[in-house]
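This is the structure, below, for whatever I ask next.
First the proteins, then the strands, lettered A, B, ... as listed; each starts at 1.
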Amino acid sequence: MKDQDLAPWPQAGFDRRAFLKGSSAAAAATTLATHATQAQAQAAAPEIVGRQSRLVELKVNGKTASVRVEPRSTLLDVLRYQLQLTGAKPVSIDGSSGASTVIVDGKPIAANTTLALDCVGKSIQTVESLGGEKPDAVVSAFVHADAMQCGFCTPGFVVAVRAFLDKNPGATEEQIRSGLNGNLCRCGTYANVVMAALEVVKGGSRG
Amino acid sequence: MANYVWPKFGTATVIGKRHDRVDGVAKATGTAKYAYDINPAGMIIARLLGSPHAHAKIKSIDLSPAKKVPGVVEAVALKKADDELLFQGEEIAVVAAESEAAAAEGVAAIKVEYEVLPHFVNDTDLAAAKAAGMTGKGGKNISLAKEPGDDDDEDEFTEKEINRLLKESAVVVEGEYGIHMITHMCLEPHGSTCEWKDGKLVAHLSTQNVSGTGPQFAGPLGITADDVTVHCDYIGGGFGSKFAADTWGVACAELSKKTGRPVKLMLDRDQELKIAGNRPSGFLKCRVGADKNGVITVWDSEQWGTAGAKPGVVSEKVVPYVYEPKNRRVISHTIKTNRGLVRAWRAPNHPQACAMSQTAIDDIAAKLGLNSLDVFKRNLVHVANGKAEVYAAQMDVAARLIGWNDKWHLHGKGPKKGSIVEGLGLAIHTWGGGGHTSKCTIRISPDGGVSSTLGSQDLGVGTRTAIAAVVAETFGLTIDDVQVNMGNSKYPASGPSGGSTTIGGVSESNRRGSLDALDKLLAVVAPKLGVTADQLEAKGGRIQVVGSPSKSLGWKEACSLLGMNAIEAQGEYVRGSKDAKTGADSKLSNSQVGGVQMAEVAVDLDTGVVKMKKFVAVQDVGTIIARKQAESQVYGSVIMGIAYALFEEQIMDQASGAFVNCEIADYKLPRLGDIGDIVVEMYEPESEYNRGVVGIGEPPVIAPGAAISNAVANAIGVRVSTLPMTPQRVLEALKGRKA
C-alpha cells in the first residue's frame, strides 16, 4: 500500500499513516511506553474518594502549575478558571465542537471531556503556547487568511490545524478538507481556514 | 468644517486594501477575552433552570434542596406559582455555586411541581393550526395592474382578476415551498459576568449592543443607567440574537449583588438553542403564471409559519422576493407554537422569502424547458429596487465564474455518472445596510499617538480594523498607527450591530471626526511651513504642502507642535441625516445593495446526499473599507446559507413538544469538508466606490437557500420542496412524495 492510498483519518491528529508506516515493533514500543507513563501517573496520583478536592500538579505549556481538582473537574474548567488560560472554549457538552481542543502528550483532545486528574504527569499544550513575541506559523497564517470572524472557535481550530499539520506537514487541499472536520464554526470561516492551512503547508507564512 | 468625502476613486492608500485583522493575533491565540472568559477574583458560577415542558403551569418551586448542595452559594427563583411556561427551556430559577459542576448539581436539585398543559409545536400544517385555534392575523400584499370599478367588491375583483390572469398565462406553476425554523446557535452562548464596584454594576456582557444595554440592566435593578458599565471587547457570535441584557443577564447582576461576589451566568448549550432566539419558519403554496418566455404575469400565494410562542411570521411584504410583478396576491397567516421566541436572525425575513419564492421562478424555467439564467434575467423587468441593471451585470459575472454556459443542462437532463447527477441554480437578493447613528472621539496626542474611542462592538466583521483603516487613511498613516478603543458603554455611544449598519456607521463617525481633527492639526502646522492650512495635506506619514512634498513635516514632528494640548474631535453621524449646509445626503455612506449567487451541486440519487461543488457570490458593496474582512463576510454568509439549505433545522417532537436536537452533535451544521469551492467576487465599478459605505454583513446570507435548492432541482429534475434538503427529503422528492 502506498502512502497516498491511505485516506487521512477524519479525526485531526490521530496519525493513522504514521501508525501504519512505522514498524510494528516501534509502534508497540510507543504504545507500551505511553501505557507505562499512564500507569506511573496513576500510581503517583493521590487516592481520591468521593467529591473531595486535592492539590495536584499539571504541566501546562512547559510550566508546572499547582491546581485544586475534584475527581469530576474537567481539564477545561481547570485551565479556564484556575490557570486563566481561556483560549480553549466551552461550546459543546461532548467535545463535538472542537472548541476546547488542547494537545496532551502530542495528541489533540477535547479538554471539556477530559478529566483533569487524567492529565497529571502528562504534557499539556494550549493555544496560548502558540502566541507570544513570535507567533506560531499557524497563527500567522490564520491572521493573514483572515480565518476568523467572531473568533470563539478560532483557538480550537488553530490547535487542531497545528496538530494536523504536525502529522501531515505536506497535506494537500483534499486532505485538509477531509481531515479537519472535528471543529465547528458558526460564522463560516472554513474557506479561510483552508487557505490558512494551505499557506502553512506552502511555507507562505513565517512563524 | 471639513468636506466629508472619501478620497477620489483610485487614490486611497489604506481603505479598500487588504489588511490583517488588527485583533487577529489576539483571537487566534486565545488572549482575546470574551464575557465567558472574564473571571474576576472570588467569582462564582451561576446556571439556569429551564422548563422541561413545552407548556405548563408552575404549581410550586422549592429551592431549598439546591441550597443544601455542597458548593452552592445562592439560588433565586425567576418564576412563581401559577406562572405559565410557554416553551421548553423557559427560565425558572438560577443557582450560583463555587464551580460549574456544583452549579449544575444545584440546578438539578431544585424541586418544581408542574401542571402540564396541552402543547402545540406543529408549524407545517396550516389546517391543523387553524383547527387547534393557533393561527393569528397575518397580512396581505396585493397589487393589480387593473383597478376595480366603483361598484366592485375588492376581494371578489382580486379573485376574478387573478384567475383571469392565470388562465391567460402560457404556463402556470403550482408549487409548495418551505424552510424550517433554525436557531442562532452562537458558539459563545448568551450570558455575562457581573460584578459590583462601589455600588455600581459592571456587566461583562456578550452583546452586539454595547451602548444600548445599560438601561436594560438599570431598570429592573432599580439603579440609573449611569451606574451601569457594559463591557464587551469580544463577542462569540450574535447574528441578531444578542441585543438585550435578557432575564438571565439581570438575574446574574442580582445574584452578584446578593452574594457580594462576581457571578458568571452563561446559558448551557441546549438552553442557547431553546431560548436564545430562532429564525421563523416559512411555508408557501402558490400559483404563478408566466408567458412563454418565463416572464411572470401573475403571482398568487398563501404563506404561514411560526415565530414561536408569540405571533409572528415571515413578512408577506418581501414575497415574491426582489421580483415584484404588478399583479400579485400574497396572504400570510401566523401560527403560535410552544417553541422559543423569535429574535432577529441575519437579514430578517429575506432568506425565507427568497427560498419560498425564487424557487418558484426556477420551476417556471423547468416547466417551460428554458435556461434558468435566461428566466431570472428576463424577469428583471419586475425588479423594483432600482438595481435591475446591476443584477444583469452581476449575472454575467457570476455565470462566467461558475461556467454556467458550459455546464448548463435542462432540469433533470444532465449526464448521470453512476448514481451522481449535477446541477446549477441561481438566486438574487437585496438589503439596505445604511449606517447607524454613531459617535466617536478622535484623539491626536503631542507624541504622535492616534486613537479612536467609541461604544461599538466587533460582531466578527472586523470593526476595529475598519475603524483603524478609516482613521489611518485620513491621517496618511498606516492602520498599525491607530489605537481603537471600543466595547465599553462609557465611551461615546455607537449603534447596535444589526441590519448591516456597523461599518457604515463607524466609518461615518470616524471619517468625520478624523477630518475635523486633521483640520485642527493642519491649523497648528501651517505657520511652521509658511502656508495656510488649506494648502496642506496628510500623506505618507507626513504633513506636506499639496504638490510639494519637500515642504513637509513628519507626522510625529507635526504633532509635537501641539505642545501640551492633544487634539480631540468628536465625530458624529445620525442615521439618514443630511448635510447641514447643503441638505444633501451624506457622501460617506449609502444603502441598498443587490447581489447574485450561483450554486453548483452534485446529488447522489441512491443516498439523497447533496454535495456542494462550487458556489459563486457576486456582491456590490459601495466603498469597501477593509477588503479582506468584507470578503470574509461574504464567505461566512455563503457558508451559513449552505447550513440552512442542506443541514440545520430545529426538530420538534410532536408528542412531547421537546426540541430534540438541541445539542451540537445533533443540530447538524456544515463542517470544513462540506462547503465545496466558494468564489467571492466584489462587484465594484467606479460608480460603486463613489456611493459610499454600505454594510454587507447580511445580504450574502439571503440567496444561498434558493440558489442551492434550484441547483438540486436542476440536477434531479424534481423540486425538494423544503429546506434543509436532507438526504431523506431528497429521496422522498425523488419518489414523488412531498418532501
Max heavy-atom pair count under 4.5 Å with chain A, selected residue of B:His19, B:Lys628, B:Arg21: B:Arg21
Toward chain A, the part of B:Ala102 with a non-hydrogen atom under 4.5 Å: both
As an exercise, state the distance from CZ of A:Arg80 to NZ of B:Lys264, rounded to the nearest 0.5 Å. 6.5 Å
Pick whichever of B:Met266, B:His184, B:Glu631 has the most heavy-atom pairs under 4.5 Å with chain A. B:His184
What part of B:Ala32 gets closer than 4.5 Å to chain A, counting heavy atoms only: side chain, backbone, both or neither? backbone
Option that, when pairs with chain A are counted at under 4.5 Å, heavy atom only, ranks first among B:Cys186, B:Ser99, B:Ala643, B:Gly676: B:Gly676
Tell me, for A:Asp146 versus chain B, whether the close heavy atoms (under 4.5 Å) come from the side chain, the backbone, both or neither. both
Is B:Leu672 in contact with chain A via its backbone, its side chain, both, or neither, using a 4.5 Å heavy-atom distance? both
Side chains of A:Arg177 and B:Ile675, heavy atoms from C-beta outward: is any pair under 4.5 Å? yes
With chain A, the option among B:Leu669, B:Thr29, B:Asp37 that has the most non-hydrogen atom pairs under 4.5 Å is B:Asp37
Where on A:Val91 is there a heavy atom nearer than 4.5 Å to chain B: the side chain, the backbone, both, or neither? both
Option that, when pairs with chain A are counted at under 4.5 Å, heavy atom only, ranks first among B:Ile639, B:Asp270, B:Thr31, B:Leu187: B:Leu187
Would A:Arg186 and B:Met640 count as a side chain to side chain contact (heavy atoms under 4.5 Å, CB included) if you check the C-alpha gap in whole Å, the side-chain angles of each, and the deciding distance to 0.1 Å? CA-CA 7 Å; A:Arg186 183 52 158 161; B:Met640 231 170 174; 3.9 Å; yes
Okay, A:Leu184 and chain B: the region with an atom under 4.5 Å from a heavy atom over there is both
For chain A, which of B:Val25, B:Val638, B:Val461, B:Ile664 has the most heavy-atom pairs under 4.5 Å? B:Ile664
Between A:Ala99 and chain B, with a heavy-atom cut-off of 4.5 Å, which part of the residue counts as in contact: side chain, backbone, both or neither? neither
Which bit of A:Glu173 comes within less than 4.5 Å of chain B, counting heavy atoms only: side chain, backbone, both or neither? neither
